[in-house]
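Reckoned from all heavy atoms, side chains included, excluding hydrogens, waters and symmetry mates. Remember, predicted model here, so these are calculated numbers, not experimental data. Letters go in sequence order (proteins before strands), and every chain restarts at 1.
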Amino acid sequence: MLWSKTYIPTLRESPADAELISHKMLMRGGYIRKLQAGVYNYLPLMQRVLHKTINIVREEMDRSGAIEITMPVLHPAELWQESGRWHVMGKEQMRMKDRHNHDMVLGGTHEEVVTNVIRGELRSYRQLPLNLYQIQVKFRDEIRPRFGLMRGREFLMKDAYTFDTDLETHKVAYNKMVDAYFATFNRCGLAVRKVESDTGAMGGSMAHEFMVIVDTDSGEEVIYFCNKCDYAANVEKAESIDPKKIASETAKPLEKVPTPGAATIEQVTEFLKVPAERLVKTLLYLADGKPVAALIRGDRQINETKLRNHFGCLELVMATADVVEKVTKAPVGFAGPIGLKDIRIVADPEVMALTNFVVGANENETHYINVNLKRDFDVKEVATIRNAQVGDICSHCKEGTLSAQKGIEVGNTFNLGLKYSKALNAKFIDAEGKEQLFWMGSYGIGVTRTIQATVEKYNDEKGIIWPATMAPYQVELVPLTLQDDKLRAASFELYDQLNRAGVEVLMDDRDERAGVKFNDADLIGIPLRVNVGSKSLEKGEIELKERAKPEVGAVKQESAVETIKQTIARQIAKPQPF
RNA sequence: CGGGGUGUGGCGCAGCUUGGUAGCGCGCUUGCUUUGGGAGCAAGAUGUCGUAGGUUCAAAUCCUAUCACCCCGACCA
């Protein structure tokens, strides 16, 4: 392709609304343009990267035995009502009405539709296992779309769905997908970490996320991993070991003390000269509208996902001040479990291990000190509802400590169990002639997000450095000038030779100065650049410059095509640029 | 939705406090020179100053409303 014949609108400056380096580079390199928040045009270079990435994903899915289909983007609301997710998805689901005033959904995921595809028709266990996948645009009305393609409202995704006869065969299918994911991301030059995650609105009992670990602030999610064993989980899921009961001190008598002006943990620790881990926070929430209380140590952060799972509610929101006052009969900041009646109270195991601790007294500017469980109050529900923290002991090996890193989630896998087959009544006949529900799994790869994650990972101050497997072109051919007839002729000849040799080549045939072309070449990040300049041409040579390497090499014109092909082959074999 | 911020040629920005009819850099067009890491000179084109009201002789500038976009938070197959 000739640069002059395609459309590569590079920018010297970053648009003001781009924050992440990857977002800036994709904008500056003329890869993407925003249409509205979270919705992007994919320009010619991006389109080619997209094709490359899709091909990798497709090849690995096919290799794993998954079968490609295409399902509609437009779904009838009835299907979502049938599964019960019409209400679960809430505002995140893009919805519209047709001319008959029927509710429609722009799909953000396809569990319902894929189940509808097979139900009633896939009737025999002999047709199982089955894995159906598609690569398709998805819509999600994100609360806050951001960071370019990282969190879009419209984005490209590969979604696969497995159907199996039982849990054992489901696990086989699940692990095949896990293997396919590692293979896929490897080919993209991305080292990914598989971490445990919460199942969220997907239901089911097991889930993993595939994370690209990044040093920058671009990681949207914090993941915790053990320094001794291979345990890794995201912040929603990560668990640390529960403490043994602290060598029990003698219970001191309960005492109610005034704490004027001390409503926050910091103020109370300061005022009472008690460390935060001796305080118990009483946090009030509305679980599907009903007030509930959660007790965690003062030095800990509540994990609302864990809390929501414990209460089994759809909606969990912090109670407003007036609810707090109504329930505790005290202003915000003085809630405590003693005397708190008629609401469910859940305590973190760490709280259960405390003695002589401090709680709010449900009275303005008052706390209880020397509180002890059983004697002063009792809780019926105990569940881990705190966030893990760096330095905590790993809950798996019980030896290592947890560290944290930021990551970009590029893929995920979910065991869905029987949730959707049950809700949508999808059954097959087993070997005994009995009707059974399908065991299902769902598996996503954010294709457009993976592309941006790759840019976020592989760039320098000059621009993008693509892994050869994803690069829009394999080679960028740069004639240093077009004014010199010999040089021009040699460039076009090489361009033709490369095309005939099946090399994906972009030639910068613009009548620009060399510096402009070099800078644009570095910006768009094609892994191999070939310079045709008069100095080397006099020696019968052309120059090779790999984007990821500083040095410039020279080869004889005659062997140029061969050397270029070898270089490309080497780059593709090891796609990680550095 | 809460908090913060920004909307002025394609991109980046100034002008707004103190109203007087829009400017800079890059890019774009044409010509000449130049040509190995973002050239120089000259001549040009491109703006209903986000939108709608209002105040005023006069509004990019003041007031009101509204929309869009960005950041933090909440949320997130």
When you get a sec, tell me which of B:G36, B:C76, B:C13 is the closest nucleotide to the side chain of A:Ala16? B:C13
Taking atom C1' in both B:C69 and B:G25, compute the distance separating them and give it to the nearest angstrom. 24 Å
Within the structure shown, what part of the strands sits under 4.0 Å from A:Glu543 by heavy-atom distance: base, sugar-phosphate, or nothing? base
Row check, A:Trp86 ring normal vs A:Arg95 NZ/CZ: under 6.0 Å, within 45°: yes
Using the P atoms only, state how far B:A39 lies from B:G3, rounded to an integer number of Å. 48 Å
NZ or CZ of A:Arg193 within 45° of A:Phe225 ring axis and under 6.0 Å: yes
Under 4.0 Å, heavy atoms only, any strand: does A:Phe155 hit a base, just the sugar-phosphate, or nothing? base
Quote, to the nearest angstrom, the C1' distance that separates B:U34 from B:A42. 15 Å
Distance between the P atoms of B:A22 and B:U46, in whole angstroms? 13 Å
With 3.5 Å as the limit, what N/O pairs link the protein to nucleotides 38-42 of chain B?
unit_1 : atom_1 : unit_2   : atom_2 : d
B:G38  : O4'    : A:Asn519 : ND2    : 3.2
B:G38  : O2'    : A:Arg12  : NH1    : 3.0
B:G38  : O6     : A:Arg28  : NH2    : 3.0
B:G38  : N2     : A:Asp520 : OD1    : 3.4
B:A39  : OP2    : A:Arg513 : NE     : 3.3
B:A39  : O4'    : A:Arg513 : NE     : 3.4
B:A39  : N9     : A:Arg513 : NH1    : 3.3

Which is true for A:Gln483 with a 4.0 Å heavy-atom rule: it touches a base, it touches only sugar-phosphate, or it touches nothing? base
Partners passing side-chain contact (heavy atoms from CB on, under 4.5 Å) against A:Glu13 (at least two apart in sequence or in another chain): none
Report which part of the nucleic acid A:Asn412 touches: base, sugar-phosphate, or nothing (heavy-atom distance under 4.0 Å, all strands). base
Note: for A:Asp17 and A:Glu236 on RNA chain B, the residue whose nearest nucleotide lies more 5' is A:Asp17
With heavy-atom distances below 4.5 Å as the criterion, would you say the side chains of A:Lys138 and A:Leu156 are in contact? no
Under 4.0 Å, heavy atoms only, any strand: does A:Ser14 hit a base, just the sugar-phosphate, or nothing? sugar-phosphate
Residues forming a salt bridge (charged side-chain N to carboxylate O under 4.0 Å, His left out) with A:Glu325, sequence neighbours excluded: none
For A:Glu92 and B:C76, give me the distance from atom CD to atom C1', rounded to whole Å. 5 Å
Tell me: CD of A:Glu551 to C1' of B:G37, nearest whole Å? 17 Å
Can a cation-pi geometry be assigned to A:Arg85 and A:Trp80, taking NZ or CZ under 6.0 Å from the six-membered ring centre and within 45° of the ring axis? no
Can you find a side chain N or O atom of A:Arg144 that sits less than 4.0 Å from OP1 or OP2 on B:C72? yes
Using atom C1' of each nucleotide, how far apart are B:C16 and B:U6 to the nearest Å? 14 Å
Side chain A:Arg146 and base B:C70 donor-acceptor under 3.5 Å: no
Looking at residues at least two apart in the chain, or sitting in another chain, which of them share a side chain to side chain donor-acceptor pair (under 3.5 Å) with A:Asn531? A:Arg529, A:Glu543
Reckon A:Lys91 touches a base, only the sugar-phosphate, or nothing at all at heavy-atom distances under 4.0 Å? nothing
Among residues at least two apart in sequence or on other chains, which ones pass salt bridge (charged side-chain N to carboxylate O under 4.0 Å, His left out) with A:Glu546? A:Lys549, A:Arg570
For B:G2 versus B:G23, give the span between their P atoms, rounded off to a whole number of Å. 40 Å
Using a 4.0 Å heavy-atom cut-off across all strands, classify A:Arg529 as base, sugar-phosphate, or nothing. base
Those residues that, when tested against A:Arg300, pass salt bridge (charged side-chain N to carboxylate O under 4.0 Å, His left out) (two or more places apart): A:Glu350, A:Asp392
With sequence neighbours left out, the residues meeting side chain to side chain donor-acceptor pair (under 3.5 Å) with A:Asp141 are none
Check salt bridge (charged side-chain N to carboxylate O under 4.0 Å, His left out) between A:Arg151 and all other residues, then give those that pass, not counting sequence neighbours. A:Glu142, A:Glu220
Could you tell me the separation between the NZ atom of A:Lys34 and the P atom of B:G10, rounded to a whole number of Å? 15 Å
Please tabulate the protein-to-nucleotide N/O contacts below 3.5 Å involving nucleotides 23-25 of chain B, giving atom names and distances.
unit_1 : atom_1 : unit_2  : atom_2 : d
B:G25  : N2     : A:Glu13 : OE1    : 3.1

Roughly how many Å is it from CZ in A:Arg151 to C1' in B:C70, rounded to a whole number? 16 Å
Find the distance A:Met27:CE to B:C26:P and express it as a whole number of Å. 21 Å
